[in-house]
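Within every chain, numbering begins at 1; the chains are lettered A, B, ... in the order of the sequence lines, protein sequences first and strands thereafter.
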Number of protein chains: 2
Amino acid sequence: MATMQQVAERAGVSIATVSFVVNGSKKVLPHTRERVEAAMRELGYSRNHAGSALARGRTDIIALLYPAFERNLSGTAMTFFTSAADRARERGYTLVLWPAHNEAAEITELTASGLVDGVLLMEVQLEDGRVDRLKEGRTPFALIGRTQDPEGMAWVDVDFASSVETAIEELVALGHTSILYISGATEKRFVAHGGVARARESYLQTMAQSGLTATTLTCGENSAAGRLLAAELVEHHPDATAIILMNEHAAPGLAIGLAQHGVRVPDDLSIISIGTSAHMASMAEPVLTHMDSPAAELGRLGVDAIIERINEPDRPLPQTLIPCTPGEGASVARAPRR
Amino acid sequence: MATMQQVAERAGVSIATVSFVVNGSKKVLPHTRERVEAAMRELGYSRNHAGSALARGRTDIIALLYPAFERNLSGTAMTFFTSAADRARERGYTLVLWPAHNEAAEITELTASGLVDGVLLMEVQLEDGRVDRLKEGRTPFALIGRTQDPEGMAWVDVDFASSVETAIEELVALGHTSILYISGATEKRFVAHGGVARARESYLQTMAQSGLTATTLTCGENSAAGRLLAAELVEHHPDATAIILMNEHAAPGLAIGLAQHGVRVPDDLSIISIGTSAHMASMAEPVLTHMDSPAAELGRLGVDAIIERINEPDRPLPQTLIPCTPGEGASVARAPRR
DNA sequence: TTGTAGGCGTTATCAT
DNA sequence: ATGATAACGCCTACAA
C-alpha cells in the first residue's frame, strides 16, 4: 500500500531515486541505496502493478489461453501448465491461465485491453477462430500446436506424425499387418484438432507406404466409450492384431472391455498409446506401451517462443517440433499366428 | 490501441463524455452517445486496463491460486476451474489461474502489487503457510477447503466428513464390519490436506461409534501404487470386506491388482470411492461406486464468496459446506458370509 | 549521482 | 448534459 513517494520521503530522496533502486535502472550510491532499501522494508513497499504497467507500456504478463469448453484435457495438461509457469517466472514474466470459450470477443477483450504482453494458445485446431482473431490484433502470440497452414506464426508442436510412424514401424517389425487407428471424438473437436489430424494423416500415409490396409475408428473420450469400442472391435474387426491409440481417456475401458471379451492384450492384440503420460498408461491392464507426451518441454519452449516474439519481433519465427519419447509398457507383442 | 482522447476528438466531445458512455456512469444524450459509439467502433477502441485500474484502484481480476507442486490434481480440477471462471465472468470479473509453489514471496508479490482484487486459494492444508501470508496482507481472500481453525475466514469446502459417514453407514447396512480406510500419500501432503484429514477423522469416529475396528492405510497417488496395495491387502488384511477409498488415482490399479489376486469386487470386497468424478470412477473395473465431488458448485460458490468479500467486507463471512452426491457404480455389495 | 517534471490512459469531482 | 482537470503510481528524458 505504500507508494514510491512515501518511500522517497522517508528515505529523504526523490521519487526518481527510489525508482532507480527498485528497477536497478541507474547507478545509485551504496549509501543512498541502503537508505532507500531500509525505507522500503520499513514501509513494506511493493511496486504497484497498474502504475508500472501504465508507465512502461508492458505488463510482463503472459496469458496461456486454454479452452474452457473441454471436458477433459489430456492428463499431461498440468505438467504443461506447471513447466510453462516455471519457465515464465525464470524469465521474469508471470504466466496466467486464461480460460476462454473459444469466443472471438474474449480474445479481443484480452489483447486489446493491454492486460498482457503476449498470448500462448493451446489446443490449436486446424481451423481456429482464435488464431484468426489473434492475427488481427497486435498482441504477440505463439501456438502450442499448429493450424492447417501455420506459416507466418510462431509455434511449438508435438511431432505426432513421427511418433505414429515409429509406432507403426515397430508393430510391422513384430509381424503386425492389420493395424487399426483409434482417436477420440468429442463434439467434432477431434476432426479439427491439429495433432490428431496430423497423427491420422501420418497413419494413413505410413500404412499406404507399407502396403497395408488402413482402418480408422473413433471413440468417445472416456472409459465407458472404450468398453463399448471393445465390443465393436470384436464384432467388426476380429482380424486386427494391433491398435494405434490416440485417445488416452478411453484406454482403461478399452483394455477392460477387451479382457471381458476374451481378447488378451498383448497376446491377441497389441496397443500403442500415443501422446500419453506414464501415469495414464498405468491405469490400464496391462500397462500400456506408449509414446510419452513431451509436456514439460512443450511448456518451456512455448514460453520461450512467446517471449522471443515479444522482445525480438524481427527474429525468425520460432517453429519447433518435439518428438514423443518411448514409454515403458506391456501392451505390445509379436503378432499372433493365424 | 486507440485512447479515449482520440475517441473524444473524433466524436467532437470531451474525454469525460467518452468515459461516461464507456462505463455507463452518467447519462448522455442519445445523440452524442451515438457519435461516441461510432467513433469507438471506427477506431476500434478498447479500454486500457492499466489506466483504468490505476484510476479506479481495482482491477476486476480474481486470482485462483493453485499449487504448482502437485503432481496430480484431482480429476475434477478442470471442472472446478471452468465453473469458477464462468461464474467470475458472469459477475463481471476475470478469473485467472495463478500457479504458486507455496512460497510466501509469491503470494506477497501477487497481493501487494495490486494486480488482483481478491484471491481464491485451493488445496488448502490444515496448516497452510499461504493462508498465513494472506492474513497478513490486505487483499480479500477465500478458501476452497479449510485450515485447522478456519474461523474468521471465508471458505467453501466439500463435506467429506458426512460423505464418509454416509458411506460407512451404507456398508454397515450391507453387513460389513471390517472396513478399511485408504488415502493418498505424496510427500506428506495428505497428512495435512484438510479434506483428507477430516475424512479420516470422520472415518475413525464413525467406526468407533459403530463399535467397529478402524484401520487406515495410505497409498501413492498412482495406479502402480494401487497395484502394490492390492498385494498388501491380500497379505495383511484378508478379513477386510470393504474399503473407503480417498485416492482416486490409485483406484484403477487397486482394482486390477485385486483381480489378479483373485479378489472379486464387489463379491469379496466392496469399494466406495470418495470425492471422485464419474469419469475417474469408470476407469476401474468394476466401475466404482462413488461419492461425486461437487466441483462445479464449489467453483461457483468459491467465486461468489470472494466477490462478496471484495464488495461487502462487513457482511458475515461466507462459510459453506457442500456434500458429495452419490454416484452410480458396481463396486458395492452385501458383505460376504464367512 | 540525484532531482524535476511531463506523460502513460482512465476516472471522478466540480464547474458550467 | 457535458467539459476541465486533478488525481492514480510509476518511469524516464532532461537538468542540475
Side-chain angles (χ1 to χ4, degrees), chain A residues 1-40 43-61 92 109 111-117 138-139, chain B residues 1-40 43-61 92 109 111-117 138-139:
Chain A
M1 297 289 305
T3 71
M4 269 195 177
Q5 188 56 251
Q6 297 173 305
V7 173
E9 281 162 17
R10 174 142 198 154
V13 299
S14 85
I15 184 176
T17 305
V18 178
S19 177
F20 297 153
V21 351
V22 167
N23 302 303
S25 44
K26 261 188 185 175
K27 285 196 169 67
V28 169
L29 284 184
H31 174 67
T32 68
R33 127 161 297 140
E34 274 163 31
R35 289 244 307 283
V36 171
E37 281 170 347
M40 295 200 311
L43 271 54
Y45 172 79
S46 189
R47 152 148 121 274
N48 178 282
H49 185 266
S52 163
L54 188 54
R56 291 185 309 146
R58 36 152 68 223
T59 64
D60 294 344
I61 296 180
E109 182 191 333
T111 57
S113 70
L115 215 163
V116 301
D117 290 346
R138 300 181 204 296
T139 308
Chain B
M1 297 288 307
T3 70
M4 271 193 174
Q5 188 56 252
Q6 297 172 305
V7 173
E9 280 161 18
R10 172 142 198 153
V13 299
S14 85
I15 184 178
T17 306
V18 178
S19 178
F20 296 153
V21 350
V22 167
N23 303 303
S25 44
K26 260 188 184 174
K27 283 197 169 70
V28 168
L29 284 184
H31 175 66
T32 68
R33 128 161 295 141
E34 274 162 31
R35 289 244 307 283
V36 171
E37 281 169 347
M40 295 200 310
L43 271 55
Y45 172 78
S46 189
R47 149 141 119 304
N48 177 283
H49 185 265
S52 168
L54 187 55
R56 291 185 309 145
R58 36 152 66 224
T59 63
D60 294 344
I61 296 180
E109 181 191 333
T111 57
S113 71
L115 186 68
V116 301
D117 290 347
R138 301 181 203 296
T139 307

TODO: Measure the shortest side-chain to side-chain distance between Val21(B) and Val13(B) over non-hydrogen atoms and say whether it is less than 4.5 angstrom.
DONE: no

Task: Residue closer to the 5' end of DNA chain C, Ala16(A) versus Asn23(B) (nearest nucleotide) - done: Ala16(A)

Open item on the list: From C-beta outward on Ser19(B), which listed nucleotide comes closest to its side chain: dT11(C), dG3(C), dG9(D)?
Closed with: dT11(C)

Open item on the list: Rounding to an integer number of Å, can you tell me how far Gln6(B) CD sits from dT10(C) C1'?
Closed with: 14 Å

- [ ] Using a 4.0 Å heavy-atom cut-off across all strands, classify Val28(A) as base, sugar-phosphate, or nothing.
- [x] sugar-phosphate

Open item on the list: Has Glu9(B) got a side-chain atom pairing as donor or acceptor with Gln6(B)'s backbone, closer than 3.5 angstrom?
Closed with: no

- [ ] Grab the CZ-P distance between Arg58(B) and dA12(C) for me, whole Å please.
- [x] 10 Å

Open item on the list: Starting the side chain at C-beta, find the nucleotide from dA1(D), dC11(D), dT10(C) nearest to Leu29(B).
Closed with: dA1(D)

Task: Spacing between His49(B) atom NE2 and dG9(C) atom P, to the nearest angstrom - done: 15 Å

Open item on the list: With a 3.5 Å distance limit and no angle check, can you tell me whether Ser113(A) reaches the backbone of Glu109(A) through a side-chain donor-acceptor pair?
Closed with: yes

Task: Exam field: side chain Thr59(A) to backbone Ala53(A), donor-acceptor pair closer than 3.5 Å - done: no

- [ ] Tell me which of Arg33(A) and Met4(B) sits closer to the 5' end of DNA chain C, going by the nucleotide each one is nearest to.
- [x] Arg33(A)

- [ ] Taking only the side-chain nitrogens and oxygens of Ser52(B), find out if one of them lies under 4.0 Å from OP1 or OP2 of dT10(C).
- [x] no

Task: Interatomic distance where CD1 belongs to Ile15(A) and P belongs to dC11(D) [whole Å] - done: 9 Å

TODO: State, with a plain yes or no, whether a side-chain heavy atom of Asn48(B) is found less than 4.5 Å away from one of Leu54(A).
DONE: yes

Task: Side-chain N or O of Thr17(B) closer than 4.0 Å to phosphate OP1/OP2 of dG3(D) - done: yes

Open item on the list: Among dT10(C), dT2(D), dC10(D), which nucleotide has an atom closest to any side-chain atom of Arg47(A)?
Closed with: dC10(D)

Open item on the list: Counting only side-chain heavy atoms from C-beta out, which of dC10(D), dT12(D), dT10(C) sits nearest to Phe20(A)?
Closed with: dT12(D)

- [ ] Evaluate the criterion side chain to side chain contact (heavy atoms under 4.5 Å, CB included) for residue pair Val36(A) and Val28(A); output intermediate values, then yes/no.
- [x] CA-CA 10 Å; Val36(A) 171; Val28(A) 169; 5.9 Å; no

Open item on the list: Expressed as a whole number of angstroms, how long is the span from Leu54(B):CG to dG7(C):P?
Closed with: 17 Å

Open item on the list: Can you measure Asn48(A) atom CG to dC8(D) atom C1' for me and round it to whole angstrom units?
Closed with: 8 Å

Open item on the list: Please report the distance, rounded to the nearest Å, between CZ in Arg56(A) and P in dC8(D).
Closed with: 21 Å

TODO: May I ask you to say what Val13(B) touches in the nucleic acid, namely base, sugar-phosphate or nothing, with a heavy-atom cut-off under 4.0 Å?
DONE: sugar-phosphate

Task: Spacing between Gln5(A) atom CD and dG3(C) atom P, to the nearest angstrom - done: 11 Å

Open item on the list: Please classify the nucleic acid contact of Thr32(A) as base, sugar-phosphate, or nothing, using heavy-atom distances under 4.0 Å.
Closed with: sugar-phosphate

Open item on the list: Quick check on DNA chain D: between Gly51(B) and Gly12(B), whose nearest nucleotide comes earlier from the 5' end?
Closed with: Gly12(B)

Open item on the list: If you only use heavy atoms from C-beta on, which nucleotide in dA1(D), dT11(C), dT13(C) is closest to the side chain of Lys26(B)?
Closed with: dT13(C)

- [ ] Answer with base, sugar-phosphate or nothing: what part of the nucleic acid does Ser46(B) contact at a heavy-atom distance below 4.0 Å?
- [x] sugar-phosphate

